[in-house]
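Beneath this line is the structure, given in structure tokens, with notes to follow.
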Amino acid sequence: MKSKHWQEMRTMSDSELSVKLNDAQDKLFKLKFRHSAAPVKNPLEIRGLRRDIARIKTLLKSK
């Protein structure tokens with residue numbers, strides 16, 4: 001994650017982070033579902049989404 005994006009996330013409110021978290025979790029679910037049927041082109045996207053979700057949860061906990 002770029003530091004610019006990380007700084008943006010740190011300034012977001014809790015409600016904005018919650019919305020972003022829900023969106024990321026939905027996207028991860030859909031991506032995993034598609035991957036189980038047929039391999040996706042970029043499997044590293046799954047890892048990136050998992051890490052983004054963890055970062056968002058960390059920010060929510062710290063606030």
Side-chain angles (χ1 to χ4, degrees):
M1 177 180 294
K2 296 181 180 179
S3 62
K4 209 182 240 187
H5 186 64
W6 178 247
Q7 293 300 325
E8 266 182 34
M9 286 177 57
R10 291 184 73 150
T11 59
M12 287 183 176
S13 67
D14 289 346
S15 59
E16 290 173 331
L17 284 173
S18 296
V19 169
K20 195 167 181 81
L21 177 64
N22 287 336
D23 290 342
Q25 286 175 333
D26 288 342
K27 188 174 179 182
L28 179 64
F29 175 77
K30 289 175 185 177
L31 191 62
K32 280 184 173 181
F33 190 75
R34 273 195 325 207
H35 185 63
S36 67
V40 292
K41 289 184 180 179
N42 187 6
L44 294 178
E45 189 176 353
I46 295 172
R47 183 191 315 170
L49 273 172
R50 277 198 340 252
R51 290 181 179 179
D52 285 345
I53 290 170
R55 286 183 184 108
I56 294 169
K57 284 182 177 181
T58 301
L59 282 173
L60 284 171
K61 284 278 189 181
S62 67
K63 288 186 176 191

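On a predicted model such as this, the values are computed, not experimentally measured, just so you know.
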- Message: I'd like to check the side-chain hydrogen bond (donor to acceptor under 3.5 Å, both in side chains) partners of Ser15; sequence neighbours left out, ordered by chain and number.
- Response: Ser13

- Excluding sequence neighbours, so at least two apart, what forms side-chain contact (heavy atoms from CB on, under 4.5 Å) with Asp14? Leu60, Lys63

- Arg55 CZ to Leu21 CG distance, which is reported to the nearest 0.5 Å: 13.5 Å

List the atom pairs, donor and acceptor, that lie under 3.5 Å between side-chain atoms in residues 27-37 and the rest of the protein, sequence neighbours left out.
| unit_1 | atom_1 | unit_2 | atom_2 | d |
| --- | --- | --- | --- | --- |
| His35 | ND1 | Val40 | N | 3.3 |
| Ser36 | OG | Phe33 | O | 2.6 |

- Taken to the nearest 0.5 Å, the spacing of Asp52 CG from Arg50 CZ works out to 11.0 Å

- Item | Heavy-atom closest pair, residues Ala24 and Ile53 | CB-CG1, 3.7 Å

- Rounded distance (nearest 0.5 Å) linking atom CZ of Arg51 with atom OG1 of Thr58: 13.0 Å

- What do the steps show when you test Asp23 against Lys20 for salt bridge (charged side-chain N to carboxylate O under 4.0 Å, His left out), and what is the final call? CA-CA 5 Å; Asp23 290 342; Lys20 195 167 181 81; over 6 Å; no

- Task: Test Met12 against every option in Val19, Leu17, Ile56 by the side chain to side chain contact (heavy atoms under 4.5 Å, CB included) rule and name the one that passes.
- Result: Leu17

